[in-house]
Amino acid sequence: MFYYVNGDFDLHLALMGGQAFRWQSNEGGYRGVIGGLSLEVSQHQGLFRIQVGNRGNHEKLSGEDICRYLEWYFRVDENSQGIRAILCEDQVLAPIVRNLGVLRILRQDPWECIVSYICSIDSNIPKIRTNIGNICRLFGKEIPTDSGVTEHAFPPMQVIADSSEEELRSLGLGFRAPYLLKTAQNLVSGEFDFSEMRRQNIDKVRADLQTLPGIGPKVADCVLLYSLDRLDAFPIDRWVRRAVSNLYFRGEPIPDKDIKAWALVRFGALSGYAQQYLFEWSRSEQIREAPIR
DNA sequence: AGCCAGGAGAATG
DNA sequence: CATTCTCATGGC
């Protein structure tokens, strides 16, 4: 089953930029798994094509349902050129936005997102990908594909909650293992309602997320931005911290709380997109000055 | 060898 | 109460 969507996309930026960690480039395209859905995505002059390889545990979904879900995931209804135009009103951001391709924020599953960014603590993108891959291989349901490669669905939170710290450590999670285990156990207790979180005040949701072990200000903002539809979230990592300092404050170190307040005023509802462009710029620059903080 | 999409808890001012 | 320090882990 194929599904075509109008272009205006940079798949490499969206899928390999460090938002999602289950995609790998694959002769001209990208192969990945969303939830339990095995996909292959490729770009063809102005269009991009999605091939649904296997529905895994989503057999009950119709083709239309899957299409709607993919529209949701890739945010195809979004006017990315309009967003770029608004961001370009910022004289510092303008050249960065124009030089990078069309950047989109994927709409991921909150549980997957929480796991991914707990794994991201004091880590790096290749290692996060390895960790997430290991978690899916050990705990995720197998998804047979036509190409013969066996993919793995992302495991439900109950499976992780029923695992052990030793098991998670064996996957290379290190000190993040107890964080993930306890957070999964807290989540299955049922006190957290992600659909309710979508409607609540962002500060309330951020505070609730931060009650989970291993989720502090940065991870909470990643979950808000990448999975709970809060484009006004502004996750501050060392790359963004460096970019803001160098681009806007002459290299002067700025406390995170000040950056957060500054970003809200400067970028408002599009803070998340500004952050993503700054993140990509900072990483492409590879500034080797004294690290901020 | 040193760096890397931070968080938690204790110590300090 | 706010800021700073230290620690845990593993791959590249």
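Below, chains carry the letters A, B, ... as their sequence lines are ordered, and counting in each starts from 1. For clarity, every value in this text was computed on a predicted model and none was experimentally measured.
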* To do: Scan for ring-ring contact (aromatic ring centres under 6.0 Å, His included) pairs involving residues 73-100 of chain A, sequence neighbours excluded, and state none if there are none.
  => Phe9(A)-Phe74(A), Phe48(A)-Phe74(A)

* Which residue pairs satisfy the ring-ring contact (aromatic ring centres under 6.0 Å, His included) criterion with at least one member in residues 242-276 of chain A, sequence neighbours excluded? -> Tyr248(A)-Trp262(A), Phe249(A)-Trp262(A), Trp262(A)-Phe267(A)

* Distance between C1' atoms of dA8(B) and dG11(C) (Å, rounded) -> 23 Å

* Integer angstrom distance from the P of dC12(C) to that of dG7(B) ->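 These two P atoms come out 24 Å apart once rounded.
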
Remember a base hit wins even if backbone is also touched, and classify [X] as base, sugar-phosphate or nothing at under 4.0 Å, heavy atoms.
{"X": "Leu171(A)", "answer": "nothing"}
{"X": "Gln19(A)", "answer": "base"}
{"X": "Lys257(A)", "answer": "sugar-phosphate"}

How many Å lie between [atom1] on [X] and [atom2] on [N], as a whole number?
{"X": "Lys182(A)", "N": "dA8(B)", "atom1": "NZ", "atom2": "P", "result": "10 Å"}
{"X": "Ile125(A)", "N": "dC3(B)", "atom1": "CD1", "atom2": "C1'", "result": "14 Å"}
{"X": "Leu181(A)", "N": "dA8(B)", "atom1": "CG", "atom2": "P", "result": "15 Å"}
{"X": "Arg241(A)", "N": "dC3(B)", "atom1": "CZ", "atom2": "P", "result": "16 Å"}
{"X": "Arg238(A)", "N": "dG2(B)", "atom1": "CZ", "atom2": "C1'", "result": "12 Å"}
{"X": "Ile118(A)", "N": "dG6(B)", "atom1": "CD1", "atom2": "C1'", "result": "11 Å"}
{"X": "Ile121(A)", "N": "dC3(B)", "atom1": "CD1", "atom2": "C1'", "result": "17 Å"}
{"X": "Leu180(A)", "N": "dG6(B)", "atom1": "CG", "atom2": "C1'", "result": "15 Å"}

* Report the residues that fulfil side-chain hydrogen bond (donor to acceptor under 3.5 Å, both in side chains) with Arg22(A), sequence neighbours left out, ordered by chain and then residue number. => none

State, without any angle test, whether [X] and [Y] hold a side-chain donor-acceptor pair at a distance under 3.5 Å.
{"X": "His152(A)", "Y": "Thr150(A)", "value": "no"}
{"X": "Gln276(A)", "Y": "Tyr226(A)", "value": "yes"}
{"X": "Glu71(A)", "Y": "Tyr3(A)", "value": "yes"}
{"X": "Tyr277(A)", "Y": "Arg84(A)", "value": "yes"}

* Passing candidate, side chain to side chain contact (heavy atoms under 4.5 Å, CB included) with Leu93(A), options Leu87(A), Leu247(A), Ile86(A) ->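 Single pass found, and it is Leu87(A).
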
* Would you say Val92(A) and Val244(A) are hydrophobically clustered, going by side-chain heavy atoms of ILVMFWY under 4.5 Å? ->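 Yes.
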
* To do: With DNA chain B as reference, determine whether Gln275(A) or Gln210(A) sits nearer its 5' end, using the nearest nucleotide of each.
  =>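 The 5'-side residue here is Gln275(A).
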
* Base, backbone or nothing for each nucleotide of nucleotides 7-12 of chain C, written B, S, -, heavy atoms under 4.0 angstrom, 5' to 3'? -> -BBBB-

* Asked: Does any residue of residues 213-233 of chain A have a heavy atom under 4.0 Å from DNA chain B, and if so, which ones, in number order?
  -> Pro213(A), Gly214(A), Ile215(A), Gly216(A), Pro217(A), Lys218(A), Val219(A), Tyr226(A)

For residues 118-127 of chain A, run the donor-acceptor check on the side chains, cut-off 3.5 Å, and write out each pair with its distance to 0.1 Å, sequence neighbours left out.
from, atom 1, to, atom 2, distance (Å)
Ser120(A), OG, Tyr117(A), O, 2.8
Asn124(A), OD1, Lys127(A), N, 3.1
Lys127(A), NZ, Gly172(A), O, 3.4

If you restrict it to nitrogen or oxygen atoms, what contacts under 3.5 Å exist between nucleotides 10-13 of chain B and the protein, and what is each distance?
none

Please tabulate, for side-chain N and O atoms in residues 154-161 of chain A, each donor-acceptor pair with protein atoms closer than 3.5 Å (sequence neighbours left out).
from, atom 1, to, atom 2, distance (Å)
Gln158(A), NE2, Asp162(A), OD1, 3.2
Gln158(A), NE2, Asp162(A), OD2, 3.2

Kindly state each residue pair satisfying salt bridge (charged side-chain N to carboxylate O under 4.0 Å, His left out) with at least one member in [range], sequence neighbours excluded.
{"range": "residues 200-214 of chain A", "result": "Asp203(A)-Arg206(A), Lys204(A)-Asp208(A), Arg206(A)-Asp221(A)"}
{"range": "residues 175-192 of chain A", "result": "none"}
{"range": "residues 150-161 of chain A", "result": "Arg31(A)-Glu151(A)"}

* To do: Could you summarise the pairing of DNA chain B as dot-bracket text, marking Watson-Crick and G-U pairs under 3.5 Å with ( ) or [ ] inside the strand and | across strands?
  => .|||..|||||||

